[in-house]
Number of protein chains: 2
Amino acid sequence: MSNARKGRVDPARSLAILWRTREPASRSAGPGLSVDRIVRAAIEIADAEGIDALTMRRVGEALGAGTMSVYTYVPGKTELLDVMVDTLYGEMSRPVDVPGGWRARLESIARENLRLYRAHPWLLRAETSRPVLGPHLLAKYDYELGAVAGIGLDDVEMDAVLTLVLGHVRSAARAELDVVNLERETGMTDGQWWQSHAPWLEHFMKSGSYPTAARVGTAAGQAHGAAYGPEHAFEWGLQRVLDGISVVIAERRGA
Amino acid sequence: MSNARKGRVDPARSLAILWRTREPASRSAGPGLSVDRIVRAAIEIADAEGIDALTMRRVGEALGAGTMSVYTYVPGKTELLDVMVDTLYGEMSRPVDVPGGWRARLESIARENLRLYRAHPWLLRAETSRPVLGPHLLAKYDYELGAVAGIGLDDVEMDAVLTLVLGHVRSAARAELDVVNLERETGMTDGQWWQSHAPWLEHFMKSGSYPTAARVGTAAGQAHGAAYGPEHAFEWGLQRVLDGISVVIAERRGA
DNA sequence: CTCGGTCCCGTACGCGGTACGGCAGGGAAG
DNA sequence: CTTCCCTGCCGTACCGCGTACGGGACCGAG
């Protein structure tokens, strides 16, 4: 349990790894490790078995190397996670030909970010803490800013728009992943879980308290098993957020 | 590193603890533990020293008891966290006399949730995973639904509105806390950190790539040290979100 | 006084990150 | 070719975590 950024953090060291300021140093003996190979292996492990299965021992093992060999290239697990995250940012799609103005572009960005979270759910846990200024994060930021450039917003507003939209994507992704994790961890489906909790809930709800919660919760639960769900929450919320942004843009245009 | 819900989870057991379905069982000898005392102590530790300092050994110690004594009342750390979270929900302010309609009430709710995150930053890490249906979560949900009841939205929409608003609060709180954590963990202030990274950034940005990111990032950074910041991101985003919601409500009213 | 249940906790296990120090092998210097 | 050192590699060990297990202490009931 944690995810904290432990110990002293040396920015220079971290950034050096992020930006790969280093000679290849090709030696033939041994497993022939490298930051790239380590990061690749780590991402594969996290994708396949979840971030809890990502241990330094496991990474070394996956590369046919000893545990401590990993530390030759990466100062610690924290920095490894940093590089993993930045690497994923680098693999995102960044189409330049999105038609439809700022709204369509923001939608496209939101969807691509959601796709990333779905493909690498552990990102939601790894991203915690401060942003790590890796090269791909910068590229991502630059690209995404392009969606809201030149439509009358000032710099701080552009940044705020992005923060808002990406924050929404994160929230939605988290909700969606929670459902999936729930099933995998407890071994029961969402429906089964609902079933097992239902008696208790009914008991306490029909005791008179929480009338609204009982009704709406049931309605949401019902719909949950049917058509509604995190997917719809993402779409619905995204449209609300974009509507809200459009108000500001309209104001700026009017002024 | 984790926060996962480990092992088999017995809903009945968890719920029993959440709802305190248990006799007081007052014994005079020993430290005289109880779920409440344990939870109280755990919350104090997490508040004062962060969630990483919250270990079962530490909890026992704080109560003048042995580590394993804690397990007499709580099945494991997971459940302890569950109860801690639900306990906090129970301590939230829920004014009934908020004037100004749904918008003012949602604003009030958002602010109260932000206050909670600020008072107990570890909540952001503990809340992960599925919602635990404790009594206070239900009360909270019921109360918050009241803000958007009777204004033309259907049940699923009411739930969606809440999800959206609370998700925004979470995002904003996370951003805000990241800044604070950054300072505590690295021992340097936001400004110092910016300073130490600046050379690198300038170097790579002035190399021609990422022109927009460079400009906006700098602008945001400047403002960051000055007036702008997470606080403003929260307020600005909240108004956007509420604007977006008002569009839907207006539609429903018109129809 | 005995007995059974409840509370308490000492010990120990497995597993995580990682400090430390040694080893080996290849290139550079002689 | 030999020597030396630098660098990649990693075995061992330490500390701290969550928690299973089994035993001891205390209680009220019979």
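Worth knowing before you read on, the calculation uses all heavy atoms, side chains too, and leaves out hydrogens, waters and symmetry mates. It should be emphasised that the depicted structure is a prediction, and the values quoted were computed from it without experimental measurement. Order of the sequence lines sets the chain letters (A, B, ...), proteins ahead of strands, with each chain counted from 1.
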Would you mind reading off the distance between [X] atom [atom1] and [N] atom [atom2], rounded to a whole angstrom?
X: B/Glu61; N: C/dC9; atom1: CD; atom2: C1'; answer: 15 Å
X: B/Lys77; N: D/dA20; atom1: NZ; atom2: P; answer: 14 Å
X: B/Arg58; N: D/dT19; atom1: CZ; atom2: P; answer: 18 Å
X: B/Leu33; N: C/dT6; atom1: CG; atom2: P; answer: 17 Å
X: A/Ile38; N: D/dC9; atom1: CD1; atom2: P; answer: 8 Å
X: A/Tyr71; N: C/dG16; atom1: OH; atom2: P; answer: 12 Å
X: A/Met56; N: C/dC20; atom1: CE; atom2: P; answer: 16 Å
X: A/Asp52; N: C/dG17; atom1: CG; atom2: P; answer: 11 Å

*Within the structure, does a side-chain N or O atom of A/Tyr73 lie under 4.0 Å from either OP1 or OP2 of D/dC9?*
yes
*Residue-phosphate contact under 4.0 Å: B/Ser69 side-chain N/O, C/dC9 OP1/OP2*: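 For C/dC9, OP1/OP2 do have a side-chain N/O of B/Ser69 under 4.0 Å.
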*asked:* Quick check: do A/Leu162 and A/Leu145 have side-chain heavy atoms less than 4.5 Å from each other?
replied: yes
*asked:* Which is more 5' along DNA chain D, the nucleotide nearest B/Arg57 or the one nearest A/Thr67? Just name the residue.
replied: A/Thr67
*Classify the nucleic acid contact of A/Gly60 as base, sugar-phosphate or nothing, counting any heavy atom under 4.0 Å across all strands shown.*
nothing
_What contact category does B/Leu63 fall into here, base, sugar-phosphate, or nothing, at under 4.0 angstrom with non-hydrogen atoms?_
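Contact class for B/Leu63: none.
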*In chain order, what residues pass the side chain to side chain donor-acceptor pair (under 3.5 Å) check against B/Tyr89, with sequence neighbours excluded?*
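Scan of B/Tyr89 (side chain to side chain donor-acceptor pair (under 3.5 Å), adjacent residues dropped) gives B/Glu127.
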*asked:* Which is more 5' along DNA chain C, the nucleotide nearest A/Ala53 or the one nearest A/Met68? Just name the residue.
replied: A/Ala53
_Gap separating the CE atom of A/Met84 from the CZ atom of A/Arg40, nearest 0.5 angstrom_ =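 Reported value, rounded in 0.5 Å steps: 11.5 Å.
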_Gap separating the CD atom of B/Glu79 from the CG atom of B/Leu81, nearest 0.5 angstrom_ = 9.0 Å
*Main-chain N/O of B/Val83 paired to B/Thr87 side chain as donor or acceptor, under 3.5 Å*: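 Checked: pair present.
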